[in-house]
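Order of the sequence lines fixes the chain letters, A, B, ..., with proteins taken first and strands second; residue numbering starts at 1 for each chain. Computed over heavy atoms, backbone and side chain alike; hydrogens, waters and symmetry mates excluded.
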Amino acid sequence: MPTNKLPRKFYTGSDTLQTARNLLGKLLVVPAPDGKRVSGIIVETEAYMGPEDKGSHAFGNRRTNRTEPMFGMGGFSYVYFVYGMHYQFNVVAGTEGIPHAILVRALEPVEGIDWMEERRRQDRGPNLTNGPGKLCQAMGIDLTLNREDLLSDRIWLEKSRNKIVEADISSGPRIGIDYAEEFVHAPWRFWLTGNPYVSKPPTKTKAKQRLLP
DNA sequence: TATGGGATTACCT
DNA sequence: GGTAATCCCATAC
């Protein structure tokens, strides 16, 4: 049985924005407890661009237990927990020592949809995986998959039959980082134009509350 | 050790 | 339109 796993080289390129684009159309695969494949096509990503990026957990080279995976070699996972209830799955990109990562924000389900529906207890369709927390729940991704090699057999990426060309890709500001000052508007979110599984961001990003003295 | 907030979601009016 | 849920993590003492 041929392996279609993306090679290490896919992740270790020096241009993380290009890697974030290249992830679109790739298949994210996790085995279910019964051994069956659960998978989906990546349709939305966000790039986090290292120590200069005020939107990144690793801004200023902040290196802690949580952010440590971002400093590793490309092609490993960075999974973290937010809001007391959600996990987020990132692909570490680039070379060791430079904390670049790409958040996977939405998938188009392909295999193991029964598993996704069971975990999500939700209607079939886009709500299964059209957000970073939703897709982690659907795929069963939690902290036990943090710092995992993406060439392992616990979680990996493959080519899919989808051929993506630049004309299929839209870009815009990242979601939920209103604290990122001059990086708030950096167009480092990428998605497949018109794909129904792309996340539905809040119409109004939470404005930083500023009380008058 | 204590505290405040978060790379979100679901549910309410 | 608004906000509760819920706990890890980073930071300040």
In whole Å, I'd like the distance from the [atom1] atom of [X] to the [atom2] atom of [N].
{"X": "A/I141", "N": "B/dA7", "atom1": "CD1", "atom2": "P", "value": "18 Å"}
{"X": "A/H86", "N": "B/dA7", "atom1": "NE2", "atom2": "P", "value": "12 Å"}
{"X": "A/Y87", "N": "C/dA5", "atom1": "OH", "atom2": "P", "value": "19 Å"}
{"X": "A/M70", "N": "B/dA7", "atom1": "CE", "atom2": "P", "value": "11 Å"}
{"X": "A/Q137", "N": "B/dA10", "atom1": "CD", "atom2": "C1'", "value": "11 Å"}

Next item on the list: For the pair A/S77 (side chain) and A/L145 (backbone), establish whether a donor and an acceptor sit closer than 3.5 Å, ignoring hydrogens and angles.
Entry: yes
Note to self: With a 3.5 Å distance limit and no angle check, can you tell me whether A/N90 reaches the backbone of A/V92 through a side-chain donor-acceptor pair?
What the structure shows: no
Next item on the list: Output, in order, the C-alpha distance, side-chain angles, deciding distance and verdict of side chain to side chain contact (heavy atoms under 4.5 Å, CB included) for A/Y11 and A/K9.
Entry: CA-CA 5 Å; A/Y11 303 100; A/K9 197 172 180 176; over 6 Å; no
How close do [X] and [Y] get, counting heavy atoms only, and between which atoms?
{"X": "A/D153", "Y": "A/K5", "result": "OD1-NZ, 2.6 Å"}
{"X": "A/L192", "Y": "A/I42", "result": "CD1-O, 4.2 Å"}
{"X": "A/Y87", "Y": "A/C136", "result": "O-SG, 3.4 Å"}

Next item on the list: Could you list the residues that satisfy salt bridge (charged side-chain N to carboxylate O under 4.0 Å, His left out) with A/E52, not counting sequence neighbours?
Entry: none
Item checked: Between CG on residue A/L150 and CZ on residue A/F10, distance to nearest 0.5 Å -> 10.5 Å
Next item on the list: First locate atom CZ of A/F59, then atom NZ of A/K54, and finally report the distance between them rounded to the nearest 0.5 Å.
Entry: 5.0 Å
Notebook entry, point to check: What dot-bracket string describes DNA chain C from 5' to 3', counting Watson-Crick and G-U wobble pairs whose defining distances are under 3.5 Å, with [ ] for crossing pairs and | for pairs to another strand?
Noted result: |||||.||||||.
Next item on the list: Please list, by residue number, the residues of residues 40-52 of chain A whose heavy atoms come closer than 4.0 Å to an atom of DNA chain C; answer none if no residue qualifies.
Entry: none
Check: Nearest to the side chain of A/I175 - B/dA7, B/dT8, B/dT9?
Finding: B/dT8
Next item on the list: Consider the side chain of A/L103, meaning its heavy atoms from C-beta on, and name the nucleotide among B/dA7, B/dA10, B/dT8 that approaches it most closely.
Entry: B/dA7
Distance below 4.0 Å between [X] side-chain N/O and [N] OP1 or OP2:
{"X": "A/K134", "N": "B/dA10", "value": "yes"}
{"X": "A/R105", "N": "B/dT8", "value": "yes"}
{"X": "A/Y179", "N": "B/dA7", "value": "yes"}

Checklist line | Qualifying residues under ring-ring contact (aromatic ring centres under 6.0 Å, His included), relative to A/F76, sequence neighbours excluded | finding: none
Next item on the list: Would you mind classifying the nucleic acid contact of A/G55 as base, sugar-phosphate or nothing, using non-hydrogen atoms under 4.0 angstrom?
Entry: base
Item checked: P-based separation of B/dA7 from C/dG1 [nearest Å] -> 23 Å
Margin query: Measuring only the C1' atom in each nucleotide, how far is C/dT3 from B/dG5? A whole number of Å is fine.
Written below: 15 Å
Notebook entry, point to check: By side chain to side chain donor-acceptor pair (under 3.5 Å), which residues pair with A/D34, not counting sequence neighbours?
Noted result: A/W115
Check: Is the A/Y80-A/Y78 ring centre distance short of 6.0 angstrom?
Finding: yes
Next item on the list: Assign a letter to each nucleotide of nucleotides 7-13 of chain C from its 5' end: B, base within under 4.0 Å of a protein heavy atom; S, sugar-phosphate only; -, no contact.
Entry: BSSSS--
